[in-house]
Enquirer: 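Okay, handing you the structure first.
Order of the sequence lines sets the chain letters (A, B, ...), proteins ahead of strands, with each chain counted from 1. Both backbone and side-chain heavy atoms feed into the values below; hydrogens, waters and symmetry mates do not.
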Amino acid sequence: MRQLIWLRSDLRVHDNRALGAAMAAGPTLALYLPSPGQWRAHDDAACKVDFWLRNLTELSHSLARLGVPLLIRQVERWDEAPAAFARLCREQDIVQVHVNDEYGVHESRRDAAVEAELKAQGIGLQRHLDQLLFAPGSLLTRAGTCFQVFGQFRRACQQRLAGNLPAVAGLPAAQPQPGIAGDAVPAAVEGFAAPPESLRRLWPAGEEAAQRRLHEFAENRLAAYAEARDFPAEPGTSRLSPYLAAGVLSPRQCLHAALQAAGGDFDRPGVSAWLDELLWREFYKHVLVGYPRVSMGRAFLAETEALPWRDAPEELAAWQQGRTGFPLVDAAMRQLLASGWMHNRLRMVVAMFLTKNLLIDWRHGERWFMRHLIDGDLAANNGGWQWSASTGTDAVPYFRLFNPLAQSRKFDPDGRFIRQWLPELEGLDRRDIHAPAGLLRPAGYPPPIVELPFSRERALAAFKALPRRG
DNA sequence: GGCCGATTGCA
DNA sequence: GCAATCGGC
């Protein structure tokens with residue numbers, strides 16, 4: 001008569017609602033299902049899979065201290081999950097399974113299939129709201145539809161949160177050892193190459209490391225966040241996204257840490273700007289549930305499907321590898337390859353460059369990001385790309401396209417970020433580094449692959465030619 | 001969450 | 001003549 005917690009993107013023991021509920025209900029086992037075929041189909045990055053496994057190793061120790069053995073059962077794809085559950089639940093005398101909800105189309109289908117299989121055996125599946133502050137569908141416009149504009153969504157969230165913050169749950173009390181040995185967490189999964197140690201060191205695994213980072217940020221950087229976050233050479237952002245995406249941190253922990261550091265004052269400088277970012281994360285997951293077509297390769301704005309995206313494999317490759325001849329774009333793309341992460345402003349800059357200046361389909365960029373980001377999250381990544389491409393909910397108006405040189409001069413004025421990632425430009429001063437031309441351009445650095453005024457007009461014309469929505 | 005060109009206000 | 005501001009795209 002045991003409980004089972006099925007761990008997915010909730011790799012922590014603190015403030016884990018499904019774990020807490022399972023352990024409150026009775027003796028508990030934990031399960032993780034590596035599913036490499038599914039991960040490949042989702043373009044999950046090798047560094048992200050490695051991050052999951054490293055966190056899972058830490059988690060298995062924390063679970064062991066709670067008396068909870070972690071079982072590992074590999075399946076190739078999620079359609080094998082129901083059968084794996086049927087076997088395991090028989091073997092281990094499971095009466096109830098607990099999960100924290102996940103929101104993709106495949107995830108929902110998987111959970112429904114597992115639920116049906118369990119039900120046939122008389123076993124319940126308990127779902128918990130955990131990775132979001134608000135359940136999708138619980139925040140709607142007056143018309144009863146999912147929000148399509150962030151500002152309105154944010155207002156609704158803030159009204160709900162005022163004086164009614166979701167609580168952070170502590171650590172569940174340890175249970176007696178059930179006398180079952182946990183499985184060893186694999187060090188790697190076939191098909192996902194181990195990232196270099198230099199990348200791993202940037203993203204230490206485990207709840208302790210995540211909590212240290214959260215509190216260091218909340219106490220030392222949050223106050224300056226609103227100003228510092230736009231400058232990629234500064235340590236201005238929290239760099240917590242990989243931990244949130246893997247569920248090593250909960251949004252409730254983030255919310256409380258920020259408010260605690262601000263003495264409970266939502267209006268303290270930096271606090272509301274950072275909480276907005278938590279709400280963007282929330283917004284795009286709600287959009288994914290409300291408009292599932294966005295996760296199925298479709299633009300949110302149907303009329304933008306008619307855009308004449310260019311088939312330009314060499315320009316796409318230059319963008320991917322950081323060889324566009326635009327230093328800020330190239331530095332950002334190399335940061336992604338080397339560290340599995342990119343500063344948020346630069347995600348907008350490179351996305352706008354690909355979709356507008358090169359007029360290459362946002363889906364190519366979305367896929368490249370997923371294949372390389374350690375924080376890759378379907379909802380946030382898709383939302384960000386469709387925002388940049390002006391095809392999405394609350395997307396940037398198409399005529400508001402960034403000028404990569406202006407962005408470079410504004411947000412990396414001294415060229416420090418560029419120099420960090422493009423050593424070939426080390427010798428250039430702050431005037432010349434943003435657009436090295438003529439004799440100033442080192443032999444190893446490419447000339448710009450596209451002309452800005454021309455490509456800007458080309459993009460504007462393509463959008464103007466679209467039939468009006470309606 | 002831009003950009004650009006026109007206009008305005010001030011010297 | 002210049003910088004700040006504004007409105008259309």
Enquirer: Does a salt bridge link A:Arg127 with A:Glu115, judged by any charged N lying under 4.0 Å from a carboxylate O?
Expert: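 Looking at A:Arg127 and A:Glu115, the cut-off is met.
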Enquirer: Sequence neighbours left out, what passes side-chain contact (heavy atoms from CB on, under 4.5 Å) with A:Asn220? Give chain and number order.
Expert: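 side-chain contact (heavy atoms from CB on, under 4.5 Å) check on A:Asn220 returns A:Glu216.
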Enquirer: Report each atom pair, protein N/O against N/O of nucleotides 4-7 of chain C, whose distance is under 3.5 angstrom.
Expert:
none

Enquirer: For A:Phe217, check ring-ring contact (aromatic ring centres under 6.0 Å, His included) against everything at least two apart and list the hits.
Expert: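 Applying ring-ring contact (aromatic ring centres under 6.0 Å, His included) to A:Phe217 gives A:Tyr225, A:Trp274.
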Enquirer: Could you list, one pair per line, each protein nitrogen or oxygen that sits under 3.5 Å from a nitrogen or oxygen of nucleotides 2-7 of chain B, together with the distance?
Expert:
from  : atom 1 : to       : atom 2 : distance (Å)
B:dG2 : N2     : A:Phe399 : O      : 3.3
B:dC3 : OP1    : A:Asn403 : N      : 3.2

Enquirer: Show me the donor-acceptor pairs, under 3.5 Å and distance only, between side chains in residues 155-165 of chain A and residues at least two apart or in other chains.
Expert:
from     : atom 1 : to       : atom 2 : distance (Å)
A:Arg155 : NH2    : A:Gln152 : OE1    : 3.4
A:Arg160 : NH2    : A:Ser138 : O      : 2.6

Enquirer: Strictly by salt bridge (Lys or Arg N to Asp or Glu O under 4.0 Å), give each pair with a member in residues 286-297 of chain A just once, sequence neighbours left out.
Expert: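 Not a single pair qualifies under salt bridge (Lys or Arg N to Asp or Glu O under 4.0 Å).
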Enquirer: Do the side chains of A:Arg239 and A:Trp203 get nearer than 4.5 Å, heavy atoms only?
Expert: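 Yes, close enough: below the 4.5 Å cut-off.
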Enquirer: For residues A:Phe153 and A:Tyr284, establish whether the separation of their ring centroids is below 6.0 Å.
Expert: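 Ring centres of A:Tyr284 and A:Phe153 not closer than 6.0 Å.
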